[in-house]
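In what follows, a structure is listed as structure tokens, so that the remarks can point back to it.
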Amino acid sequence: MSSYKVKETPGNTKWFTHDRFGMFIHFGLYSMPARGEWVMSRERIKIEDYKEKYFKHFNPDMFDAKKWAKSAKDAGMKYAVLTTKHHEGFCLFDSKYTDYKITNTPFGRDLVKEFVDAFRAEGLKIGFYYSLLDWENENFPIDINHPRQWYEDAKKLDEGRDMKKYVEYMKNQLTELMTNYGKIDILWADYSYSELPDWAEIRIKNNPWMQFGGLKGKDQWQSEELINHVRSMQPEIIINNRLEIEQDIVTPEQWQPTDWITDKETGEKVVWETCQTFSGSWGYHRDEHTWKSPKMLIDMLVNTVSCGGNLIMNVGPTSRGYFDKRAEDALKVYENWMKYNSRSIYGCTMAEPEFKAPRGTRLTQSDDGKRLYIHLIEYPYANLVVENLKNRIEYAQFLHDGSEVIYEGDTDLHTYLSVEMDGENSVKFKIPTYELDMIDPVIEVFLK
Ligand code: GLC
């Protein structure tokens, strides 16, 4: 067992910290404009116009849940989180509480159901993303993120909007999501904004009528009540921290931590998951070209686990329902790497503190402590010196092809010119002086 003590949480995170790698899926009407999932707010689109264009024409005719599930599985992902409803308010499931749902589009089917069945059949755990924001619901008070805040009639439109009724709506939908689809492993609620961001100051000043100062957080969402409600139906479920109450996972977004994330108050290590995109957008974005390189994709996964965390990588399917070539290629990168190297990811965590990562490397270690994985993020030249490994190695090999990696320190290498060793407890691995055909090759060390 790893010696790190991690803050206890109400849900079951045991499988989660073992599995390490998941797929996020952002899919909704916003896949049609193909300008990102915030398009309605950013472009200040009125709900009537949004419906007229997108709701009326939504038909992902090429959607095949089995294909999605297979790509996720092949990429080595062990769980998936789907946007059952994003900020636009449109529901991918057949809800009794709204007409603004997928079964009322030309597509006509409950996509959440098909997602659940297909992913579960592939052995993946099931997560539901649920947006707390809702730009369609007429009880959702207009605020600093709302598309209608910019219009002259915004104040009038806001009159009579009743947050209590909106919370009731969320509660009802969460009941549907938590009871109609079998066991749900993750609820990914999104998100709270109770603190005034700099950019919003002027908007709030100009719109003094906005309820709750234009902001929303745990008091407005009634987070405690929602959480208890969800747990009463799914006791083991993992809930993220975006209801503004710490639960099971902390969720750094679009950046890579360089150390284990800790609780702000107690300093304890926490369970965490970083969410990232292949390009700059969550929802399908045709003209977004900042796609990450294959090496960056692998680096991110390795770095995450070396800091004791999980990575959830996002796919934004096209509005016809398939993963476009760029997304497929990115998933292939993981597939090709995980096929050979997944042992350094699953069931692994930050290496014990006695092991220091040499320059240009990341370390992971199996939870039982028996194997240390040295990830060569910057390919070293000829030698790699690692401290505190002397007399600790039973055997060492490259993980991708199982070829022995020889070393000096407690062994004599008569085949190599001996180079002076730095550090008494160190060993020096002999690294081939040409680049191996593998991104971030991994040395697997069987520890004594
Ligand atoms: C942000 C965005 C949202 C995205 C989410 C994923 O909160 O509002 O569009 O779904 O991040 O983490």
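Worth knowing before you read on, the calculation uses all heavy atoms, side chains too, and leaves out hydrogens, waters and symmetry mates. In listed order, ligands and their atoms are each counted from 1. None of these values were measured; they are calculated from a predicted model.
The distance criterion of under 3.5 Å between nitrogen or oxygen atoms is not met by W188 with respect to ligand 1. Annotation: H26 places an N or O atom under 3.5 Å from an N or O atom of ligand 1; distance criterion only. The N/O atoms of Y191, backbone and side chain alike, include none that comes under 3.5 Å of an N/O atom in ligand 1.
Ligand 1 is never approached by Q254 to a heavy-atom distance shorter than 4.0 Å.
Close approach of ligand 1 to D190 is summarised as follows: ligand atoms under 4.0 Å from at least one heavy atom of the residue are 1 (C), 2 (C), 3 (C), 4 (C), 5 (C), 7 (O), 8 (O), 10 (O), 11 (O). Under a 4.0 Å criterion applied to the non-hydrogen atoms of Y129, ligand 1 contributes the atoms 10 (O). For ligand 1 and H86, the ligand atoms under 4.0 Å from any heavy atom of the residue are 3 (C), 4 (C), 9 (O), 10 (O). Residue E37 has at least one heavy-atom neighbour below 4.0 Å for each of these atoms of ligand 1: 3 (C), 9 (O). Within ligand 1, counting atoms from 1 as listed, the ones closer than 4.0 Å to a heavy atom of C275 are 12 (O).
A cation-pi arrangement is found for R148 relative to Y151, the charged atom lying closer than 6.0 Å to the ring centre and inside a 45° cone about the ring normal. Taking the centre and axis of the six-membered ring of Y346, the NZ or CZ atom of K78 falls inside the cone set by 45° and 6.0 Å.
Remark: K156 does not engage E159 in a salt bridge, criterion side-chain N to carboxylate O under 4.0 Å.
Here F27 and F58 bring their ring centres to under 6.0 angstrom of each other. Aromatic rings from Y79 and F16 are positioned such that their centres are separated by under 6.0 Å.
In this structure the side chain of E224 never reaches within 4.5 angstrom of the side chain of K218, judged on heavy atoms. Contact check for H87 versus M40: no side-chain heavy atoms found under the 4.5 Å cut-off.
Of the protein's heavy atoms, E253 OE2, 3.4 Å lies nearest to atom 1 (C) of ligand 1. Summary of contacts: the protein heavy atom closest to atom 2 (C) of ligand 1 is W38 NE1, 3.5 Å.
Enclosure of atom NZ in K51 by more than 12 non-hydrogen atoms of other residues, nucleotides or ligands within 6.0 angstrom is indicated.
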